[in-house]
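Each remark here refers to the structure printed beneath this line.
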2 protein chains.
Amino acid sequence: MGIIRKTQSVALLLNEFHDQTTAVSVIELVKRFRAKINKTTIYRVLDKLEDDGVLHSFLGKDGNKWYAKCAGCSKSKHTDLHPHFECVVCGKIDCISVDIQLPEIPNREITSSQLLIQGKCETCHR
Amino acid sequence: MGIIRKTQSVALLLNEFHDQTTAVSVIELVKRFRAKINKTTIYRVLDKLEDDGVLHSFLGKDGNKWYAKCAGCSKSKHTDLHPHFECVVCGKIDCISVDIQLPEIPNREITSSQLLIQGKCETCHR
DNA sequence: TTATATTTGCAACTCAGTTGCATTAACATC
DNA sequence: GATGTTAATGCAACTGAGTTGCAAATATAA
């Protein structure tokens, strides 16, 4: 079940996803909106936005949840299979818009995958 | 700091990693050894075995920790960069021994990566 | 066998994420 | 604009994986 009503929480949260490539962690969002939105609501709104194909989620290296804007996803199908790049210095995570070549695995049926890459981002690189 | 003493816990836990390809979740190990080893000890032993290059760890889709035997890793360097395949039916996770081709990302320095693939395994496939 | 340093168990804790339920607010209808 | 319905929210309490500090146990060297 996705978003049905345009509430204040939905507007505030959506506003945090400025561009198509920068991801935001739920922990960060909870911190950012501590005074305005209850953390339960944050989890629920993000979940619904993912259902609607507006955002996609994935786990960072530490296993915490991150969200980023979807590009070309719909309610029925998430097409976001791009890798994510996590900077080991500043902690930022970006969506990398490249197609990844999954290996051939005999006798197995692949339904989804996620690739998380660690390293130093453009800013922290030098 | 790795393993220094050959204790009973180390022997018991190592024994659970029969083959090179099947991973075991920490949750499962804690459950399996509930009566014999304290869960704190399990976490600590696995951590040390990873330090020593005997096991490698990664996170499953739900963010829980899994361990598997290393092939060709040493105390100083973990060379295990293979993908892991998680069966959505039976929950089993296997190491897939193929080299993955990481995408070129301009201006970023890649230090590590992990690829988790979901689907149906050989057994659950048909 | 003894000394010593590592390992273990235990209990209590941390913290991301979830649940149930009463209250609030969005929105359609009048 | 007022009203009724139902989704959305806040709150408090919970869950469960993983961690920490410390005292007791045990592996190993001497």
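Just so you know, these numbers use all the heavy atoms, side chains as well, and skip hydrogens, waters and symmetry mates. Here the structure is a predicted model, which is why all the values come from computation and not from measurement. Here is how names work: the chains are called A, B, and so on, in the same order as the sequence lines, proteins then strands, and each is numbered from 1.
A donor-acceptor contact under 3.5 Å is formed by the side chain of B:Arg44 with the base of C:dG9. Below the 3.5 angstrom threshold, one finds no donor paired with an acceptor across the side chain of B:Lys65 and the base of D:dG18. Side-chain atoms of A:Arg5 stay outside donor-acceptor range of the base of D:dA8, with no qualifying N/O pair under 3.5 Å. Between the side chain of B:Thr40 and the base of D:dT20, at least one donor-acceptor pair of N or O atoms lies under 3.5 Å.
Atom NZ in B:Lys36 sits roughly 18 Å away from atom C1' in D:dT26 (whole-Å rounding). Going from atom CZ of B:Arg34 over to atom C1' of D:dG16 covers 14 Å, rounded to whole Å. Computed from coordinates, the B:Tyr43 OH to D:dA17 P distance equals 7 Å when rounded to whole Å. Counting to the nearest Å, the P atom of C:dT6 and the CG atom of B:Asp51 are 15 Å from each other. What separates CG of B:Leu46 from C1' of D:dA17 is a distance of 14 Å, to the nearest Å. In this structure, B:Ile42 places its CD1 atom 12 Å from C1' of D:dG18, rounding to the nearest Å. For B:Lys31 and D:dA17, the NZ to P distance is 8 Å, given to the nearest whole Å.
Side chains of A:Thr22 and A:Asp19: a donor on one and an acceptor on the other come within 3.5 Å. If you check the side chains of B:Gln118 and A:Thr111, you find no donor sitting under 3.5 Å from an acceptor.
Between A:Thr41 and D:dG10 there is a side-chain polar atom (N or O) within less than 4.0 angstrom of OP1 or OP2.
Not a single donor-acceptor pair under 3.5 Å links the side chain of B:Gln20 to the backbone N or O of B:Ala71.
Between B:Gln114 and B:Phe58 the shortest side-chain heavy-atom distance does not fall below 4.5 Å.
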